[in-house]
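Beneath this line is the structure, given in structure tokens, with notes to follow.
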Amino acid sequence: MADKAHLLQAPKGMRDFYPADMAVRRHIESAWRRVATRHGFEEIEGPTFEHLDLYTRKSGEAIVSEIFRIQHRGDAELALRPEFTPTLARMIAARAATLPQPIKWFAIPLHYRAERPQRGRLREHIQWNVDFVGRPGASDDDRRGLAVADAEVIGCMIDLLRELGLTEQIVRIKISHREVAASLLRSVGVTDDRLGDAFALLDRRDKIGPDEFAKQATALGLDSAQVVRLDGVAQIRVGADQPWDAFREAIGVDDETIVELRALRDQLDRAGLLAWCEWDMGIVRGLAYYTGIVFEAYEVTGAERAIAGGGRYDGLIELFNGPSMPACGFGMGDVVLSLVLQEHDLLPDADQLMPRPDVFVVPSGKDDADQRVISLVASLRSAGLHARRTYRTTRNIGKLLKEAAACRARYAAIVEGDGSVTLKNLATGEQETVKETDLPTAMASRAGRRPDAGES
RNA sequence: GCGAUCGUAGCUCAGUUGGUUAGAGCACCUGGUUGUGGUCCAGGGGGUCGAGGGUUCGAAUCCCUCCGGUCGCCCCA
């Protein structure tokens, strides 16, 4: 591969982040971190590589075939992580005995999949993972008790959407339940050995159209009356803020089967979140480890892939040799989220997101001003200020001020060379003269700089 | 893994039926207008036309292969 052009390209499906791109990325990541933190989740991180069998243990061949594998000499095969949940389960299983419960953790890791890139899907992406592991209340086996955790997780997700400017008019959280859906499928006439295929078909309903749907449903062994009933199940969509009876009648199963959904509704109602949510039995989720509620966040026009998705996976910690612990969580990737924000004009321009210098220092050209710039910048930085300077040799003050404005500095400091500095407020145009030695303290007090100013 | 489509400067594009050393605007850089963000002036860097091969006297242009982008399929973390 001595191909020079080839070496200049990022590998397929991978992204370069130039400063402007990085500013946008940090904008999203910091919103994730801010929201998860205020909901009481603590940040963790795991290794980028895991043992390959961490994934092969539970995932099907189709998923395993899309994992990037790493073979180093004779060592056991490694995998670039395709998802975070197995790592989370492993970390919890390893210390389950000593961790205070419930465990509320989040992570913002990079994930990898060896697939053909397309809209909303790249080979490397950043995904926010939020998980609630353990029982939210006193230990009991009350099926309704876990709804508190489910609602907290969904509430955190909604708060993030809101934080970035999205509304319930733009995004909808579609909620289903694995067991409820399975029960519905059985009642339609799907046999247990065809349940998996029926779920997959349910998931595809909107994409393949009614005719193809009917054809494939027939292939599952359903007669024409059953196909019609299955189609009815796939199309059940009831706003969560509608009366509960509307949903109960739509799916037509007994109260015992939907007790967890009912409990979830109560929790979401108390948190004031029902307007964002919708019961949709067509939501399936591909992963095998989900055991209860499953949910996905969609842009309402359906133009994009799911913004986020998750659910309850009560058996997974045990599968990694930990204790039996209930768990619920979701993942939200940066790619689809960015697309949706962009479409709705909610992604600020990069220059609005780049860090702003407090002060930009330029020499006047008089006396030894050039030399004084160096020590002045050093003392400003020592005072904790974001200080930049020009590297140009021109003495054209106009051009230097333009440079200061271009990087969105709050103030420009013109070093006069006689021990004084002309300090110009670039927003208002006001300027004044201060002593060079007083500049760091003068700046610190007036730049309105807060300790966290660099983060947001 | 399969299919469609695209690829000329950082960006948006021009480049005649194949015909000299491949262009424009914006952006960027340097300086000037002899100290205030604009305007203006002068100058500059940057592309082996995605890469490699073929046809031809001659290829950005025609053909093949590969590499990427985009959009689908499969699958969805």
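Order of the sequence lines fixes the chain letters, A, B, ..., with proteins taken first and strands second; residue numbering starts at 1 for each chain. Just so you know, these numbers use all the heavy atoms, side chains as well, and skip hydrogens, waters and symmetry mates. Just so we're clear, the structure is a prediction, and the values are computed from it rather than from any experiment.
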Who does [N] pair with, Watson-Crick or G-U, both distances under 3.5 Å?
N: B:A59; answer: none
N: B:U70; answer: B:A4
N: B:U33; answer: none

Considering only atom [atom1], compute the distance from [N] to [M] and round it to an integer number of Å.
N: B:U36; M: B:A42; atom1: C1'; value: 23 Å
N: B:G50; M: B:A9; atom1: C1'; value: 14 Å
N: B:G46; M: B:U33; atom1: P; value: 28 Å
N: B:U16; M: B:C11; atom1: C1'; value: 26 Å
N: B:U70; M: B:C29; atom1: C1'; value: 33 Å

**Report entry** Geometric cation-pi criterion, A:Arg178 with A:Phe199: 6.0 Å, 45°
**Finding:**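 Yes, A:Arg178 and A:Phe199 form such a contact.
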What's [X] touching, base or sugar-phosphate or nothing? Going by heavy atoms closer than 4.0 Å.
X: A:Arg305; answer: base
X: A:Glu403; answer: nothing
X: A:Arg113; answer: base
X: A:Gly311; answer: nothing

**Report entry** A:Arg81 side-chain N/O to B:A77 phosphate OP1/OP2 under 4.0 Å
**Finding:**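 So the side-chain polar atoms of A:Arg81 never come under 4.0 Å of the phosphate oxygens OP1 or OP2 of B:A77.
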What protein N or O atoms touch nucleotides 36-44 of chain B N or O atoms at under 3.5 angstrom, if any, and at what distances?
unit_1, atom_1, unit_2, atom_2, d
B:U36, O2, A:Lys424, NZ, 2.6
B:U36, O2, A:Gln431, OE1, 3.3
B:U36, N3, A:Gln431, OE1, 3.0
B:U36, N3, A:Gln431, NE2, 3.3
B:U36, O4, A:Gln431, NE2, 3.1
B:G37, N7, A:Lys424, NZ, 3.1
B:G37, O6, A:Leu426, O, 3.0
B:G37, N1, A:Leu426, O, 2.3
B:G37, N2, A:Leu426, O, 3.4

Can you find a side-chain donor-acceptor pair between A:Gln118 and A:Arg305 that sits under 3.5 Å?
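There is such a pair between these side chains.
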Handout entry: A:Arg116 side chain, from C-beta outward: closest of B:G69, B:C73, B:C74
Key =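 Per side-chain heavy atoms of A:Arg116, the pick is B:C73.
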Separation of A:Leu400 atom CG from B:U34 atom C1', in whole Å?
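Going from CG in A:Leu400 over to C1' in B:U34 covers 14 Å.
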Problem set entry | Length of the CD-P vector between A:Glu115 and B:G3, whole Å |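 The distance from CD of A:Glu115 to P of B:G3 comes to 17 Å, rounded to the nearest Å.
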Inset, instruction - Assign the ring pair A:Tyr290 / A:Tyr313 to parallel, tilted or perpendicular, where the plane angle (0 to 90°) is split at 30° and 60°. - result: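 Ring orientation, 0 to 90° scale: perpendicular.
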- Query: Above 12 or not: heavy atoms from other molecules or residues under 6.0 Å from NE2 of A:His344?
  - Reply: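 Atom NE2 in A:His344 is crowded, with more than 12 foreign heavy atoms closer than 6.0 Å.
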Only one of A:Glu43, A:Glu29, A:Glu163 passes salt bridge (charged side-chain N to carboxylate O under 4.0 Å, His left out) with A:Arg34; say which it is.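 Testing A:Arg34 for a salt bridge (charged side-chain N to carboxylate O under 4.0 Å, His left out) against A:Glu43, A:Glu29, A:Glu163 leaves exactly one candidate, A:Glu163.
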5' priority, RNA chain B, between A:Tyr391 and A:Pro11 [closest heavy atom]: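 Its nucleotide being nearer the 5' end, the pick is A:Tyr391.
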